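This report concerns only the one structure given below.
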Amino acid sequence: ELKVEQNPLFLSMQEGKNYTIYCNYSTTSDRLYWYRQDPGKSLESLFVLLSNGAVKQEGRLMASLDTKARLSTLHITAAVHDLSATYFCAASATSGTYKYIFGTGTRLKVLA
Amino acid sequence: DTGVSQNPRHKITKRGQNVTFRCDPISEHNRLYWYRQTLGQGPEFLTYFQNEAQLEKSRLLSDRFSAERPKGSFSTLEIQRTEQGDSAMYLCASSPRGAGGPGNQYFGPGTRLLVL
């Protein structure tokens, strides 16, 4: 069964620094999603990655997908305080299910 | 239509009581999902509807949980004989009709359940 792991689970970083969140999944998946969640709020869609080598960027966030390595990354460039949130990746198996499996999340805190 | 809506937003109940939550998806979305999220964890899949058909259900979902989507529009999630372990945020999401597998999901604000 598909499993999704994220690391790190917690990340505290200074404003202006760069960092990467990693998302590994255990079985074949051709769709990878990134979401943001603020405390007490629901999930906001950030990126949908649909093919090997896909790269998407929005502001200071860039996501990529390597289906051969079963790895997606979310790169943060020159972090600002407003990026403080919990980030989740989710994957779905290639066939036979519409289920999405979420990672446990990375809680990001950007310090001024 | 501004997004997925869920009601109520908060629910406090006593152990053993039944509760029902409602989700109204984005109107043109034919796919609807229910998730449960506990503190510090990612959303956990509960069930999936395509139109009015419940096509997938988590093995973790006990017999006390039931979901419906009678006309392929709104959905309800009922928990019977609630237990303290049912305390969680219940999230609904919808996604549009599309070729192939799952598309991007749009989440509602959630219903926070506390079982005393």
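Owing to the predicted nature of the structure, the values given are computational and were not obtained by experimental measurement.
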Check for me, please, whether A:L11 and A:L46 land in the same ILVMFWY cluster - side-chain distances under 4.5 Å, paths through other members count.
yes
In terms of heavy-atom contacts, does [atom1] of [X] have more than 12 from other residues, nucleotides or ligands at under 6.0 Å?
X: B:L116; atom1: CG; result: yes
X: A:Q57; atom1: CD; result: yes
X: A:R36; atom1: CZ; result: yes
X: A:E5; atom1: CD; result: no
X: B:R64; atom1: CZ; result: yes
X: A:Y22; atom1: OH; result: no

Assert top hit (heavy-atom pairs under 4.5 Å, partner chain B, pool A:G105, A:A90, A:S45) equals A:S45
Applying a strict 4.5 Å limit to non-hydrogen atoms, the region of B:E56 in contact with chain A is side chain
Under 4.5 Å to a heavy atom of chain A? For B:Y106 that would be neither
Pair count under 4.5 Å, heavy atoms only, with chain A: among B:G42, B:A93, B:S58, B:G110, highest is B:G42
If you tally heavy-atom pairs under 4.5 Å between each of B:M89, B:R112, B:E44, B:Q37 and chain A, the highest tally belongs to B:Q37
- Any side-chain heavy atom of A:Y35 within less than 4.5 Å of one from B:P43? no
Check: A:Y33 and B:Q105 side chains under 4.5 Å, non-hydrogen atoms: no
Okay, A:Q6 and chain B: the region with an atom under 4.5 Å from a heavy atom over there is neither
In terms of heavy-atom contacts, B:P109 and A:S42 come closest through CA-CB, 3.7 Å
